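Take a look at the structure below.
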Protein chains: 2
Amino acid sequence: MTTDARSQDPLCTELTRTPGAARGGPISHAVSRVARLHRVAAGRLLRATGLYAGQEILMMHLWDAGAVRQSELIKALELDPSTVTKMLQRLEQAGQVRRRPDPADRRASLVEATEASCALHEAVEAAWNDLEEKTLAGLTPQERAELARLLNKVEANLCPMAAEEDCPGA
Amino acid sequence: MTTDARSQDPLCTELTRTPGAARGGPISHAVSRVARLHRVAAGRLLRATGLYAGQEILMMHLWDAGAVRQSELIKALELDPSTVTKMLQRLEQAGQVRRRPDPADRRASLVEATEASCALHEAVEAAWNDLEEKTLAGLTPQERAELARLLNKVEANLCPMAAEEDCPGA
DNA sequence: AGAGTTATGTTGGTCGGCCAAGTAATCCGA
DNA sequence: TCGGATTACTTGGCCGACCAACATAACTCT
């Protein structure tokens with residue numbers, strides 16, 4: 001009896017409850033939740049393409065830029081180098097990506113999307129558009145713009161911390 | 001010449017460039033980025049407590065609710081059961097959490113925070129507050145409220161997809 | 001030229017998180 | 001009563017992502 005009522009509740013349409021953890025940081029909490037849901041949704045939409053959530057962004061960069069130095073990719077995606085290494089290993093194994101040593105710098109390697117991967121290009125863009133639309137359903141253009149603006153501000157706030165330690169600088 | 005100019009840019013202070021992948025879904029892209037940065041920031045702030053990003057929310061629920069059925073926790077956090085199982089195993093090993101079988105239902109187990117963990121309570125809340133403030137620095141109360149509102153809308157949009165398949169339902 | 005510093009990637013380990021299967025207990029209906 | 005759902009949790013596998021430590025190769029500076 002205690003907890004039966006909600007099982008009927010088909011969705012989370014009513015989010016009014018205070019989930020406990022939300023007190024000390026309601027927005028942080030919302031960000032976590034949205035982040036997770038968004039990633040899961042992306043994964044689901046991408047599933048048909050055989051890509052996993054996260055890989056699509058890398059591939060898009062590659063489709064966009066052609067052959068790129070791995071270090072460029074790392075900077076562009078702002079991910080940890082080791083993360084990119086492993087993603088590339090998997091994508092290479094999956095035949096989506098090719099790597100070859102950079103003749104100009106024997107440390108570096110050049111990465112590019114394979115021809116095979118180009119077949120996915122469209123599907124991935126479609127999935128991405130779909131995701132965007134599902135994410136923003138019911139938001140007016142103004143709201144979308146505002147959300148974009150606020151997210152950018154938040155990103156700028158969070159960025160420095162990731163970059164180094166802090167940049168209270170002044 | 002296609003992509004050389006940007007390599008000099010030290011940080012993300014200027015986000016104006018179009019990173020390629022952002023075209024088809026600018027907000028999805030922003031969400032991914034913010035999500036990652038936010039999680040990293042949380043991890044950094046939590047580091048001192050010995051908790052990893054994600055665990056704090058679970059602990060908060062536990063501190064808040066006392067002994068809880070694991071299934072309740074799963075519903076509250078809206079995570080995959082297996083995720084919670086593994087988190088609890090690690091937290092248990094770390095001494096933050098205790099589990100015992102539920103006498104009323106031999107399948108279930110009851111979870112609660114250990115006394116030791118309560119020492120972290122304050123530090124975690126502090127970290128969480130800190131995170132919230134760093135995240136929202138420079139946003140007016142109105143902007144914060146608007147962001148919260150928009151995130152909730154987005155969450156509601158994304159939720160149904162995770163729940164089942166879709167709920168286009170009228 | 002040789003030593004020290006920086007840049008590029010890689011490996012190994014740990015986490016959160018998901019999915020797919022599987023086990024065990026409870027519930028429910030014929 | 002008894003056999004089929006349903007519920008509760010676990011296991012194994014895989015991914016993205018991090019960090020720390022490392023090996024190479026390239027620069028730089030005396």
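Computed from a predicted model, the values in this text were never measured in an experiment. Just so we're on the same page: letters track the sequence lines, and every chain starts at 1.
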**Message:** Tell me the interatomic distance from A/Y52, atom OH, to D/dC14, atom P, rounded to whole angstroms.
**Reply:** 9 Å
**Request:** Please report, rounded to the nearest Å, how far the C1' atom of C/dC18 is from the CG atom of B/L158.
**Result:** 16 Å
**Fill in**
Of B/G54 and A/R47, the one whose nearest nucleotide on DNA chain C sits closer to the 5' end is B/G54
**Message:** Can you identify which nucleotide, out of C/dG17, C/dT11, D/dG16, has its nearest atom closest to the B/M87 side chain?
**Reply:** C/dG17
**Given DNA chain D, 5'-ward residue of the pair A/A104 and B/P81, judged by closest heavy atom** = B/P81
**Request:** Let me know the distance between CZ of B/R100 and C1' of D/dA8, rounded to the nearest Å.
**Result:** 17 Å
**Asked** Using a cut-off of 4.0 Å on non-hydrogen atoms, how would the nucleic acid contact of B/L79 be classed: base, sugar-phosphate, or nothing?
**Response** sugar-phosphate
**Asked** Which listed nucleotide (D/dG16, C/dC19, C/dG9) is nearest to the side chain of A/R44?
**Response** C/dC19
**Request:** Nearest whole angstrom, please: distance from the C1' of D/dC19 to the CZ of B/R36.
**Result:** 13 Å
**Item:** Any B/Q55 side-chain nitrogen or oxygen under 4.0 Å from OP1 or OP2 of C/dG16
**Value:** yes
**Request:** Report yes if a side-chain nitrogen or oxygen of A/Q70 is closer than 4.0 Å to either non-bridging phosphate oxygen (OP1 or OP2) of C/dA7; otherwise report no.
**Result:** no
**Message:** Is the phosphate of C/dG9 approached by A/T85 (side-chain N or O, under 4.0 Å from OP1 or OP2)?
**Reply:** no
**Fill in**
A/R39 CZ to D/dG16 P, in whole Å, measures 8 Å
**Request:** Please state how far atom CG in B/L58 lies from atom C1' in C/dG17, giving the value in whole angstrom units.
**Result:** 13 Å
**Prompt:** Using 30° and 60° as the class limits, which term best fits the ring planes of B/W128 and B/H38: parallel, tilted or perpendicular?
**Reply:** perpendicular
**Message:** Between the side chains of B/E132 and B/R144, is the shortest nitrogen-to-carboxylate-oxygen separation below 4.0 Å, so that they form an ion pair?
**Reply:** no
**Asked** For C/dC15, does OP1 or OP2 lie under 4.0 Å from any side-chain N or O of B/R90?
**Response** yes
**Prompt:** For the side chain of B/S82 and the base of D/dC9, is some donor closer than 3.5 Å to an acceptor across the two?
**Reply:** no
**Request:** Identify whether any heavy atom of B/S71 sits under 4.0 Å from a base atom; if not, whether one sits that close to sugar-phosphate; answer base, sugar-phosphate or nothing.
**Result:** sugar-phosphate
**Item:** Listed nucleotide nearest any side-chain atom of B/R69, set D/dC9, D/dA25, C/dC18
**Value:** D/dC9
**Message:** Could you check whether B/E112 pairs with B/R99 (Lys NZ or Arg NE/NH1/NH2 to Asp/Glu carboxylate O, under 4.0 Å)?
**Reply:** no
**Request:** Would you please confirm or rule out a distance under 4.0 Å between OP1 or OP2 of D/dC9 and any side-chain N or O of B/Q89?
**Result:** no
**Asked** Could a donor-acceptor pair under 3.5 angstrom be found where the side chain of A/K86 meets the base of C/dG13?
**Response** yes
**Request:** Rounded to the nearest angstrom, tell me the gap between atom CG in A/D80 and atom P in D/dG16.
**Result:** 14 Å
**Prompt:** Side chain of A/R107, base of C/dA7: donor and acceptor closer than 3.5 Å?
**Reply:** yes
**Request:** Name the nucleic acid region contacted by A/T83, choosing base, sugar-phosphate or nothing; use a 4.0 angstrom heavy-atom cut-off, strictly under.
**Result:** base
**Item:** SB check A/E155 B/R36 (cutoff 4.0 Å)
**Value:** no
**Request:** Provide the closest heavy-atom pair for A/K134 versus B/N157 in the form atom of the first, atom of the second, distance.
**Result:** O-CB, 3.2 Å
**Asked** Given atom CG of B/D102 and atom C1' of C/dT26, what is their separation to the nearest angstrom?
**Response** 12 Å
**Prompt:** Has B/R99 got a side-chain N or O lying under 4.0 Å from the OP1 or OP2 atom of D/dT10?
**Reply:** yes
**Asked** Is the count of non-hydrogen atoms from other residues, nucleotides or ligands lying under 6.0 Å from B/R149 atom CZ greater than 12?
**Response** yes
